[in-house]
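What follows is one structure encoded as structure tokens, with my remarks underneath.
The figures here come from the full heavy-atom set of this structure, side chains too, leaving out hydrogens, waters and symmetry mates. This one's a predicted model, so the numbers in the text were calculated from it and none came from an experiment.
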Amino acid sequence: MTRPSGRHFLQIPGPSNVPDTVLRAISMPTIDHRGPEFQELFLHVLEGMAKIFGTRNQVVIYPATGTGAWEAALVNTLSPGDEILCYETGHFSSLWKSMAERWGLKPTTIPGDWRTGADPEKIRAALENDSEHRFKAVCVVHNETSTGVTSRIPEIRRAIDETGHPALFMVDTISSLGSVDYRHDEWRVDVTVSGSQKGLMLPPGLSFTAVSDKALEAHERSTLPKSVWNWSEMLAAGRDGRTPYTPNTNILFGLKESLRILDEEGLENVFARHRRFGKATRTAVDTWGLEVLCTNENEHSPVLTAVVMPDGQDADELRAIILDKFNMSLGAGLSKLAGKVFRIGHLGDLSDLTLAGTLAGVQMGLQLAGVKVDPSGLEAALDVLRDK
């Protein structure tokens with residue numbers, strides 16, 4: 001194989017592209033993680049992440065992927081045999097259910113169609129039927145990366161409140177934090193988990209948790225075993241700008257730069273840019289004559305679009321053609337969507353021209369794969385991008 005010219009287009013929905021300045025920050029010389037320079041760095045990024053989450057409380061930062069933060073959320077707040085309520089929105093919501101089962105918890109799942117988000121009314125009904133308050137937590141994925149669907153967290157919070165149910169509200173923002181509007185305190189979420197490799201424009205390796213006072217009270221009662229994930233130790237050390245065990249010092253340098261970039265653009269502008277990218281991508285898909293997987297107009301993801309392949313066409317074959325011909329990676333369909341959808345990531349360090357090039361590559365790939373599409377799809381997307 002000859003070397004492809006130009007840069008590789010990484011258009012999966014995470015890990016996302018890492019800005020050059022972040023890469024340079026990560027390449028800083030390793031420092032003493034028990035010294036004053038690290039203390040200053042860690043206090044700085046803890047404060048910055050609290051702003052990203054929208055919380056006044058101290059954030060927990062682990063040297064882990066988002067999966068680690070989810071495990072931490074469960075073991076720090078729950079006890080063996082506790083029942084939790086999960087909503088099936090896609091592949092990743094199903095993974096959290098499986099994790100809970102392995103920890104001896106008892107999840108009840110509200111089934112979903114993988115084309116819409118968590119339904120506040122179904123959650124309301126499940127909690128109203130739980131007069132004994134068996135459910136200790138309600139677990140929802142904010143932005144389901146496997147489907148391109150964003151659940152309506154404020155409406156779910158309202159539904160929980162109106163039932164008077166005391167369950168903790170836990171939300172996964174691994175693919176949304178830093179790209180989609182999110183307000184931990186204002187929306188009264190109890191535990192929010194996230195990861196570094198998507199909207200925060202970093203390599204994998206850091207996970208984050210925002211915790212409410214109610215969740216901290218549950219932590220004091222929790223009896224599930226916890227060592228590495230123990231919030232008490234993490235929070236106590238963090239107040240002094242330290243960690244109870246070795247941190248990812250160099251990725252934390254990158255996080256400091258990522259936070260600077262997000263602050264310079266302004267979070268509201270970041271959110272608006274992602275909404276515009278999502279609209280441009282869906283416009284291209286609709287004009288091509290293809291189908292977006294998400295069917296609810298109020299739940300389209302700003303960070304990725306899952307596209308349904310026509311009957312008889314294999315999404316993985318299309319992805320292979322696009323990778324071979326145009327050096328561009330697209331996201332695969334996961335579990336029951338394997339071969340049926342491909343996912344276009346449009347999040348993180350992305351410009352109008354990068355998205356235009358991405359959609360051009362998808363359109364050419366569809367044509368090479370023999371999928372009949374309206375070639376004006378790209379131009380229709382460009383019209384959206386021009387209309388800032």
Side-chain angles (χ1 to χ4, degrees), residues 10 14-73 76 172-180 182 184 191-211 226-267 270 347-349:
L10 182 67
S16 64
N17 294 287
V18 179
D20 290 343
T21 58
V22 173
L23 289 172
R24 287 195 290 272
I26 291 171
S27 70
M28 291 280 288
T30 302
I31 62 172
D32 174 11
H33 62 286
R34 299 293 178 232
E37 185 180 0
F38 176 82
Q39 184 180 31
E40 181 182 359
L41 169 66
F42 199 55
L43 288 171
H44 178 88
V45 297
L46 283 173
E47 180 182 359
M49 285 306 303
K51 292 179 181 177
I52 298 293
F53 275 109
T55 183
R56 294 180 297 276
N57 284 359
Q58 183 181 329
V59 172
V60 177
I61 301 179
Y62 293 107
T65 64
T67 305
W70 246 112
E71 184 164 308
N76 275 286
D172 166 359
T173 65
I174 291 171
S175 65
S176 56
L177 193 73
S179 297
V180 184
Y182 189 80
H184 176 87
V191 184
T192 303
V193 301
S194 198
S196 58
Q197 73 275 19
K198 297 183 187 275
L200 295 173
M201 305 174 291
L202 291 161
L206 291 177
S207 66
F208 311 93
T209 310
V211 185
K226 40 196 163 284
S227 176
V228 170
W229 307 125
N230 195 315
W231 283 350
S232 295
E233 294 181 9
M234 298 296 289
L235 291 169
R239 281 190 285 273
D240 193 36
R242 305 190 188 282
T243 60
Y245 46 81
T246 307
N248 285 349
T249 52
N250 284 62
I251 300 185
L252 290 169
F253 278 123
L255 175 59
K256 180 181 180 181
E257 174 62 12
S258 293
L259 292 170
R260 186 198 66 78
I261 291 172
L262 291 170
D263 183 65
E264 183 177 330
E265 184 175 356
L267 279 179
V270 172
L347 74 160
D349 188 35

List the atom of [X], the atom of [Y], and the distance in Å for their closest heavy-atom pair.
X	Y	answer
Glu233	Ser227	OE1-O, 4.2 Å
Phe253	Pro29	CE1-O, 4.1 Å
Val191	Ala73	CG1-CB, 3.6 Å
Ile174	Gly66	CD1-CA, 3.7 Å
Arg34	Thr246	NH2-N, 4.4 Å
Ala69	Thr209	CB-OG1, 3.7 Å

Problem set entry | pair Glu37-Asp32: side-chain heavy atoms closer than 4.5 Å | no
Exercise. Is any side-chain heavy atom of Lys256 less than 4.5 Å from a side-chain heavy atom of Ile251?
Worked result: no
For this session: Go through Glu47 and Val59 one step at a time and tell me if the side-chain contact (heavy atoms from CB on, under 4.5 Å) criterion holds.
Result: CA-CA 8 Å; Glu47 180 182 359; Val59 172; over 6 Å; no
Any donor-acceptor pair under 3.5 Å from [X] side chain to [Y] backbone:
X	Y	value
Ser196	Pro203	yes
Asn17	Leu10	yes
Ser207	Ser194	no
Asp349	Val18	no
Thr173	Val193	yes
Tyr62	Trp229	yes
Asn248	Pro63	no
Asn76	Ala72	yes

Just verifying a value: how many Å separate [X] [atom1] and [Y] [atom2], rounded to the nearest 0.5 Å?
X	Y	atom1	atom2	result
Leu200	Lys198	CG	NZ	11.5 Å
Thr249	Phe42	OG1	CZ	11.5 Å
Tyr245	Met234	OH	CE	4.0 Å
Thr30	Asn250	OG1	CG	4.0 Å
Ile261	Thr21	CD1	OG1	3.5 Å
Lys51	Asp263	NZ	CG	6.5 Å

Exercise. Which pairs, with at least one residue in residues 236-252 and sequence neighbours excluded, count as a salt bridge (charged side-chain N to carboxylate O under 4.0 Å, His left out)?
Worked result: Asp240-Arg242
For this session: Before giving the answer on side-chain contact (heavy atoms from CB on, under 4.5 Å), spell out for Val60 and Phe208 the whole-Å C-alpha distance, their side-chain angles and the decisive distance to 0.1 Å.
Result: CA-CA 6 Å; Val60 177; Phe208 311 93; over 6 Å; no
Exercise. Parallel, tilted or perpendicular: which describes the rings of Tyr182 and His184, with under 30° parallel and over 60° perpendicular?
Worked result: tilted
Exercise. Where do Ile26 and Val22 land on the side-chain contact (heavy atoms from CB on, under 4.5 Å) test, with the steps shown first?
Worked result: CA-CA 6 Å; Ile26 291 171; Val22 173; 4.1 Å; yes
Problem set entry | Identified side chain to side chain contact (heavy atoms under 4.5 Å, CB included) counterpart of Leu252 within the set Thr243, Leu206, Ile31 | Leu206
